[in-house]
Structure formats: structure tokens, C-alpha cells
K.L.:
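One structure, pasted below without further comment.
We use all heavy atoms of the structure for the numbers below, so side chains are in, but hydrogens, waters and symmetry mates are not. Ligands are counted one by one from 1 in listed order, and the atoms in each one are counted from 1 as well.
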Amino acid sequence: MFSRILIANRGEIALRIIRAARELGVETVCVYSEADRDGPWLEQADRKVCIGPGPSPESYLRIDRIIAAAETTQADAIHPGYGFLAENAHFAEVCLDCQIAFIGPSPEAMSLLGDKVSCRAMAKKSGTPIFPGSPGEIEEEDEAISVAETIGYPVIVKAAAGGGGRGMRIVRDESELIAALESARQEAQAAFGNGAVYIEKFLEHARHVEVQCLGDQHGNAIHLYNRDCTSQRRHQKLIEEGPAPHIDPALRDEVCESAARLIQAAKYCGAATCEFLMDRDHNFYMLEVNTRIQVEHPVTEMITGVDLVKEMIRCAAGEKLSYKQSDVKLSGHSIECRVNAEDPDRGFMPQPGNVETFNAPGGLGVRVDSHVRSGYRVPPNYDSMIAKLIVHGRDRTEAIARMKSAIDEFKIGPIKTTLPLHRRLLECEQFVNADFDIHYVERLLEREEQVTS
Ligand code: ADP
């Protein structure tokens, strides 16, 4: 096992990693920016190192400074958390070159699964369901036209290196195809330095269902069932839950097992998530693989009892997974609400500033993962998420009731948060019946706006 881990991240995920490391008897070093000088999570780390000014390109994205901090504090591993450098294969490679373990996959596995074209090809071989589409990168216009005709419109042009929704174009008929191909290529080239694009079928009404997986360096890979993240606004997840509701257990297991096979084929070490869209007839199509720990990982921890971050650390240290597939048992239902410092009544405007009141809820089956406490100042530089409220209940009905009660107990002020929106979503018919698609939140917000204006 490692003796000291450097955490190349901030906020709640830094705290989450500190907790896991402590349980394993491993010391922690937190790097931080000048804007995070008073970050409450830093008090929990064994050591802290300032790596630069508030803007992340000058601190949390500075590979040279992070490596220097790891070397001076003699950290033998780096956990990247999520966001920042978590899915940067070059960073993973630099860590290894400097003989510091990267707590995540090898750079090769990260690149293989991170590129959507190679990932699709590998998924196909592993029997993981993918969208009908081009077998590889689209190079010729003729090929684009014939692929789109074969799979049928609407189609979507996507960047192989895609992320954050960039380099994507929905195409509804042939007249739009060539222009879309060209503009997607240009956007991808500018954003990722890689203009490769491919085409797949576009699904109008879909639920987002994803499978949590874990792999070790000994060729073992397991899945930890699925989560539903259909409640999104502008592709940003708001509510996640697990297991994904109303999916036949046999189908669920089949898709989850196919995801684990993909992870195994990629010789993957650590936590990975295979994201799928599911249509109304419950057909699954893989979107992408996220090669990091995800924000919504606590949902899986609550329904399986597996500490995902500890498993990641163990596996990076060369240990075998502590669980075989048959050891992973589902229990009850879990829901997570992302509490963002944003004003949902004013176009989700970010709400940096002082948090005078932060009274978190508690009780049976209630978990709050947050770095915030009363008196904390939310800096303007980073993601607006200030807490994750997670509940566990014996079934979905109990989990929803528990979440509503926990939200009512949660007092944060004077800054505005997304809690009131969560409360409304938990009561809306589509959520209650899990009869929804990835655009239902946006439609609901539009309706609300029409009523108030
Ligand atoms: P990125 O890595 O840029 O986030 P994804 O492949 O995860 O790209 O897609 C982002 C979002 O775009 C998805 O969550 C979904 O809402 C939409 N999307 C992507 N591909 C499709 C598709 N084939 N059909 C319908 N929606 C899609």
C-alpha cells in the first residue's frame, strides 16, 4: 500500500479521498490554489501545498506544479478526483514517468476508452450494445451520406475526442449533413486538437442509464449495477439514482455484464463508468466510458456497500479487487441531489459568496458529502456544486420521501441553491413514475417560466 497520496483536486471530492485514505492508513497531501486557502477540507489533510493562483489553468491544471508538490512531499501516488486532470492521459503518463502511481487506469487504457471511435470498436467486440453508426472515423463525404442513409435520419455527428458536448451536430436530413460534418470537425479540431468525427443514430427520447465498473491490474473486472441520471439540464446531471428504475433484472444484468467485459478487455484498473442511452423499448446504446470516479458514485456505494474510492486506491497499489462479482449485492434504493450554488429562478446564475448558514440534514439513510460549513466563502473560480445530498431507502418510494424530508431540513443561506428545484422535481409526475427522458427537466422549466411570465 502507498504511504502518502497527493490529491490533485479540491472541495468535496478531496475530502472524500482523504476519508478513504485515512481508513487505509495512508497519509494525504492536498494541493490548493490561492482561492482555496481557507478550504475546510485542507484541515483534514496531513499536508497542504499551494500551487498557484485561483484560475485553474494556473493551479489545478498545472501538471508541473502538481508533480513538484508530489516530489517535495514524497507522495507515492496521485488521486486526480474528477474534472481537472482526471481524464488527461498525458498527466497519467507524466506521473508514471516520475515514478508516482496514478490512481486510475493506465494512459493506454484511458486513451483507448477515451477516444469514442476506438471505444465503440472495442465495445462492439465485447458485446456491449452501441448505436448503429459508422464503423470508424468518417473521412469521405460519400461514406457519411451512405452511413446516414443506412441507419436512417436523424443522426448525430460526434467528435472522437468529444467532451462537454463539443463537436456534436444533430442532422435531420441529408441536406444538412455535409455542413454539419465540416462544422463538427472544425469545432473538434479547435477544442481537442483532433478533428476526427463519426456518425451514429440520434435518439429523440432516451433515459440516461450508466453502469459502474471496477477493474484491477490482475485482469479482474466487475460491475456494481447501474444508475439513472435522466434528470439533467443542459447535459448537467441534477439528480442521480440507483438502481435505475423499471428495468427488468435480467436485462439489467446483461447490460451490466457487457460493460464489465469491456472494462476487462481494456485491461482497466480503477473505477470506470459506461454511460448508455436507453430508448422507450429498453434498447441500450453505449454513449461513452468515463475513466474516473464520478460525482454520483455515492449512489452506488449506498446500494452495494462497496467503498469505490478505497477500491481505486487498493487497485492502483497493485492489490486485487476485494470483491468478486458474486459478492456484490444490491440493497434498497439510493438518490443523490447535486446542490449547486446557483439561482434556479434567475437562469441558474452562479452564486459565489458567503455561506452564513449551512445546516445539513441527518438521520437514518441520509448522507451529505460536502466541503462547506457555515462561514465558508464559495470562490467564483470553480464548479458551483457545494454539496451532494444522498439518501438510501428500502425502496424507491421510501428514498423519495426521505430525500424530500432531508431537503426540507437542509438550510443554506443567504446564497441561493438548486435545492428548491430538486424539491419540485421529486414531486413531479414524470420523476415519481420514472416516466421521463433527458429533456424532461428543461420542458418542466419552460412550462414553469410560461406560468410565471
Ligand atoms: P460528451 O462527451 O461531449 O459529453 P456524450 O457522448 O456523452 O458527449 O453526449 C453528450 C450528450 O449528448 C448525451 O448525454 C446526450 O444527451 C446527447 N447525445 C449524445 N449522443 C446521442 C445520441 N446518439 N442520441 C441522442 N442523444 C445523444
K.L.:
For ligand 1, find out whether one of its N or O atoms is nearer than 3.5 Å to an N or O atom of Lys116.
P.N.:
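Among all N and O atoms of Lys116, at least one is under 3.5 Å from an N or O of ligand 1.
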
K.L.:
For the residue pair Arg120 and Tyr198, would you count it as a cation-pi contact if the rule is NZ or CZ under 6.0 angstrom from the ring centre and within 45 degrees of the ring axis?
P.N.:
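Judged by the rule, Arg120 and Tyr198 form no cation-pi pair.
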
K.L.:
Counting non-hydrogen protein atoms only, what is the nearest one to atom 15 (C) of ligand 1? Give residue, atom name and distance.
P.N.:
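Checked against all protein heavy atoms, atom 15 (C) of ligand 1 sits closest to Ile438 CD1, 4.0 Å.
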
K.L.:
With heavy-atom distances below 4.0 Å as the criterion, list the atoms of ligand 1 near Lys201.
P.N.:
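Those qualifying, in numeric order: 22 (C), 23 (N), 24 (N).
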
K.L.:
In terms of relative ring orientation, are Tyr225 and His223 parallel, tilted or perpendicular, with 30° and 60° separating the classes?
P.N.:
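Aromatic pair Tyr225/His223 classed perpendicular.
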
K.L.:
For ligand 1, is there an N or O atom under 3.5 Å from any N or O atom of Glu200?
P.N.:
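Between Glu200 and ligand 1, an N or O pair is found under 3.5 Å apart.
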
K.L.:
Between Tyr82 and His297, is the gap from one ring center to the other below 6.0 Å?
P.N.:
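No, the ring of Tyr82 stays outside the 6.0 Å limit from the ring of His297, centre to centre.
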
K.L.:
Considering only non-hydrogen protein atoms, determine which one is nearest to atom 27 (C) of ligand 1 and report residue, atom name and distance to 0.1 Å.
P.N.:
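In this structure, atom 27 (C) of ligand 1 has Leu277 CD1, 3.7 Å as its nearest protein heavy atom.
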
K.L.:
Does ligand 1 have an atom that lies less than 4.0 angstrom from a heavy atom of Gly164?
P.N.:
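It does, in that a heavy atom of Gly164 comes within the 4.0 Å cut-off of ligand 1.
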
K.L.:
Tell me which protein heavy atom sits closest to atom 7 (O) of ligand 1, plus the residue, atom name and distance to 0.1 Å.
P.N.:
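The protein heavy atom lying closest is Glu288 OE2, 2.8 Å.
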
K.L.:
Are Tyr32 and Tyr60 an aromatic pair by the rule of ring centers under 6.0 Å?
P.N.:
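No, too far apart.
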
K.L.:
Check this for me: does any side-chain nitrogen of one of Glu288 and Lys116 sit under 4.0 Å from a carboxylate oxygen of the other?
P.N.:
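Between Lys116 and Glu288 there is a salt bridge, with a charged N closer than 4.0 Å to a carboxylate O.
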
K.L.:
Do Asp437 and Arg443 meet the salt-bridge criterion of a basic N to acidic O distance under 4.0 Å?
P.N.:
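Answer for the salt bridge query: yes.
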
K.L.:
Measure the distance from atom 3 (O) of ligand 1 to every protein heavy atom, then report the residue, atom name and distance (to 0.1 Å) of the closest one.
P.N.:
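It is Gly165 N, 2.6 Å.
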
K.L.:
Indicate yes or no: does Glu204 engage Arg172 in a salt bridge with an N to O separation below 4.0 Å.
P.N.:
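A salt bridge is present here (some side-chain N lies under 4.0 Å from a carboxylate O).
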
K.L.:
Side chain or backbone of Glu204 under 4.0 Å from ligand 1, or both, or neither, by non-hydrogen atoms?
P.N.:
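Neither; nothing of Glu204 gets under 4.0 Å from ligand 1.
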
K.L.:
Any atoms of ligand 1 less than 4.0 Å from a non-hydrogen atom of Lys158? List them with their elements.
P.N.:
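Checking each atom against Lys158, I get 6 (O), 19 (C), 20 (N).
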
K.L.:
Does a side-chain N-to-carboxylate-O contact under 4.0 Å join Arg367 and Glu336?
P.N.:
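No, Arg367 and Glu336 are not salt-bridged.
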
K.L.:
Side chain or backbone, does Met168 bring an N or O within less than 3.5 Å of an N or O on ligand 1?
P.N.:
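No: no nitrogen or oxygen of Met168 is under 3.5 Å from one in ligand 1.
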
K.L.:
In the protein, what heavy atom is nearest to atom 14 (O) of ligand 1, and what distance, to one decimal place, separates them?
P.N.:
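I find the closest protein heavy atom is Leu287 CD1, 3.8 Å.
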
K.L.:
When you look for heavy atoms under 4.0 Å from ligand 1, do you find them on the side chain of Phe131, its backbone, both, or neither?
P.N.:
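The part of Phe131 near ligand 1 is the side chain, not the backbone.
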
K.L.:
Are Glu427 and Arg424 within salt-bridge range, i.e. N to O under 4.0 Å?
P.N.:
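No, no charged N to carboxylate O under 4.0 Å.
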
K.L.:
Output the distance between atom CD1 (Ile438) and atom CZ (Arg233), rounded to the nearest 0.5 Å.
P.N.:
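So the CD1 of Ile438 and the CZ of Arg233 are separated by 15.0 Å.
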
K.L.:
Given the ring of Phe431, does Arg396 sit roughly above its face, with NZ or CZ under 6.0 Å from the centre of the six-membered ring and within 45° of the axis?
P.N.:
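Yes, a cation-pi geometry.
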
K.L.:
Test of understanding: given a 4.0 Å heavy-atom threshold, classify the contact between Ile156 and ligand 1 as side chain, backbone, both, or neither.
P.N.:
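Side chain only.
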
K.L.:
Hey, is ligand 1 close enough to Leu203 that some N/O pair sits below 3.5 Å?
P.N.:
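Among all N and O atoms of Leu203, at least one is under 3.5 Å from an N or O of ligand 1.
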
K.L.:
Starting from atom 17 (C) of ligand 1, what is the nearest protein heavy atom, named by residue and atom, and what distance separates them?
P.N.:
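Residue, atom and distance for the closest contact: His235 CE1, 4.0 Å.
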
K.L.:
Quick one: nearest non-hydrogen protein atom to atom 26 (N) of ligand 1, plus distance?
P.N.:
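Scanning the protein heavy atoms, the shortest distance from atom 26 (N) of ligand 1 goes to Phe202 CE1, 3.4 Å.
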
